[in-house]
Amino acid sequence: DGGITQSPKYLFRKEGQNVTLSCEQNLNHDAMYWYRQDPGQGLRLIYYSQIVNDFQKGDIAEGYSVSREKKESFPLTVTSAQKNPTAFYLCASTDGQGARPLHFGNGTRLTVT
Amino acid sequence: ILNVEQSPQSLHVQEGDSTNFTCSFPSSNFYALHWYRWETAKSPEALFVMTLNGDEKKKGRISATLNTKEGYSYLYIKGSQPEDSATYLCASPYSGAGSYQLTFGKGTKLSVIP
């Protein structure tokens, strides 16, 4: 079955450590996204990539970095510069621009203490 | 950043009741309006993507309407069932060069009481 796989489901890190969240898709989608969810907030866009080797900052990119070396993969690194990294992170993909639906992974809950 | 608002924030209905909730968005430079259902412990699932003013879409007991001139969309659920309990999200992309960027509302959390 085609889909998006995020791993791990839960991640715990000490403050000051960088951590990388994995996102893999086998839907052959060009565009991939990272969103963050905090209690009482909507999904907020961190980074997105329209095509391999290209990515753009979203609304809250500070303290995060991404890469897009392969079409299937869009890993997100949460760096020590991110002031409030504890959150639920969702990866998504789509086969077109804004009129095409997003397909989401199951998310990674990151806790930094 | 686009301002997408949803109301109400949460809603409790009895099984069998019909219900509706609202998504409002800027009417200028409209491109598309998305609705998603997000059940607990699952990933958000697309319900509808609408692009034309006056558009109506239906999926089983769920339907949606779109008014791009006044900047709102309604989601209707007819005869609510416990399995409809979920958070319903709407989202709209920036138009033009930024149309890959979807802005989400905070969602409406629906609880259907058996």
Side-chain angles (χ1 to χ4, degrees), chain A residues 1-7 9-10 23-25 27 29-51 54-62 66 68 74 88-109, chain B residues 1-10 23-26 29-53 55 57 59 64 66 68 73 86-109:
Chain A
D1 279 342
I4 298 180
T5 301
Q6 289 187 244
S7 61
K9 190 171 180 179
Y10 299 97
C23 177
E24 303 278 330
Q25 55 101 355
L27 298 166
H29 286 171
D30 283 317
M32 296 187 73
Y33 303 78
W34 275 105
Y35 284 91
R36 167 181 171 140
Q37 195 208 22
D38 296 281
Q41 301 249 25
L43 298 179
R44 293 184 291 166
L45 182 63
I46 304 172
Y47 267 98
Y48 67 101
S49 168
Q50 296 173 221
I51 202 165
D54 182 61
F55 48 82
Q56 310 293 332
K57 291 182 180 180
D59 300 320
I60 55 164
E62 186 174 346
V66 294
R68 188 85 187 278
F74 190 41
F88 185 69
Y89 292 87
L90 273 172
C91 178
S93 71
T94 185
D95 59 357
Q97 294 187 6
R100 298 294 298 155
L102 294 183
H103 297 254
F104 285 90
N106 283 327
T108 292
R109 184 166 298 281
Chain B
I1 298 177
L2 214 62
N3 192 27
V4 177
E5 305 272 353
Q6 290 189 248
S7 62
Q9 190 174 337
S10 64
C23 174
S24 62
F25 51 87
N29 297 320
F30 175 80
Y31 190 81
L33 193 284
H34 297 227
W35 281 103
Y36 293 85
R37 175 170 58 200
W38 193 358
E39 296 177 66
T40 303
K42 295 187 178 181
S43 53
E45 171 197 4
L47 290 171
F48 308 112
V49 179
M50 298 187 288
T51 56
L52 299 175
N53 184 46
D55 208 3
K57 296 221 173 185
K59 187 175 183 176
L66 179 66
T68 62
S73 175
T87 296
Y88 291 83
L89 302 172
C90 71
S92 190
Y94 299 171
S95 63
S99 65
Y100 277 88
Q101 294 183 251
L102 272 183
T103 296
F104 281 83
K106 294 181 181 180
T108 292
K109 185 173 182 179

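To find a chain, count down the sequence lines: A is the first, B the second, and so on, and within it residues start at 1. What you see below is based on every heavy atom in this structure, not just the backbone, and it leaves out hydrogens, waters and symmetry mates.
- Residue B:Phe48: no heavy atom, backbone or side chain, is found under 4.5 Å from chain A.
- In this structure, B:Tyr36 and A:Leu102 have side chains that are in contact, with non-hydrogen atoms separated by less than 4.5 Å.
- Per-residue counts of heavy-atom pairs under 4.5 Å with chain B were compared for A:Asn106, A:Leu90, A:Leu43, A:Ile4; the largest is that of A:Leu43.
- Looking at every heavy atom in both residues, B:Tyr31 comes nearest to A:Ala99 through CE2-N, 3.6 Å.
- The neighbour count for B:Gln9 CD, taken as heavy atoms of other residues, nucleotides or ligands under 6.0 Å away, does not exceed 12.
- Taken to the nearest 0.5 Å, the CD atom of B:Gln101 stands 8.5 Å off from the CD atom of A:Gln50.
- Heavy atoms closer than 4.5 Å to chain B are found nowhere in A:Tyr47, neither backbone nor side chain.
- Between A:Gln41 and B:Lys106 the shortest heavy-atom distance is C-CG, 4.0 Å.
- Atom-to-atom distance recorded for A:Asp59:CG and B:Thr103:OG1 is 5.5 Å, nearest 0.5 angstrom.
- Residue B:Leu89 touches chain A through its side chain alone, counting heavy-atom pairs closer than 4.5 Å.
- Counting heavy-atom pairs under 4.5 Å between each of A:Gly105, A:Gly58, A:Gly107 and chain B puts A:Gly105 at the top.
- Using a 4.5 Å cut-off between heavy atoms, A:Arg44 makes no contact with chain B at all.
- A donor-acceptor contact shorter than 3.5 Å is absent between the side chain of A:Tyr35 and the backbone of B:Phe104.
- Contact detail for A:Pro101 and B:Ala46: the closest heavy-atom pair is CB-CB, 3.6 Å.
- Neither the backbone nor the side chain of A:Gln6 comes within contact range of chain B, judged by heavy atoms closer than 4.5 Å.
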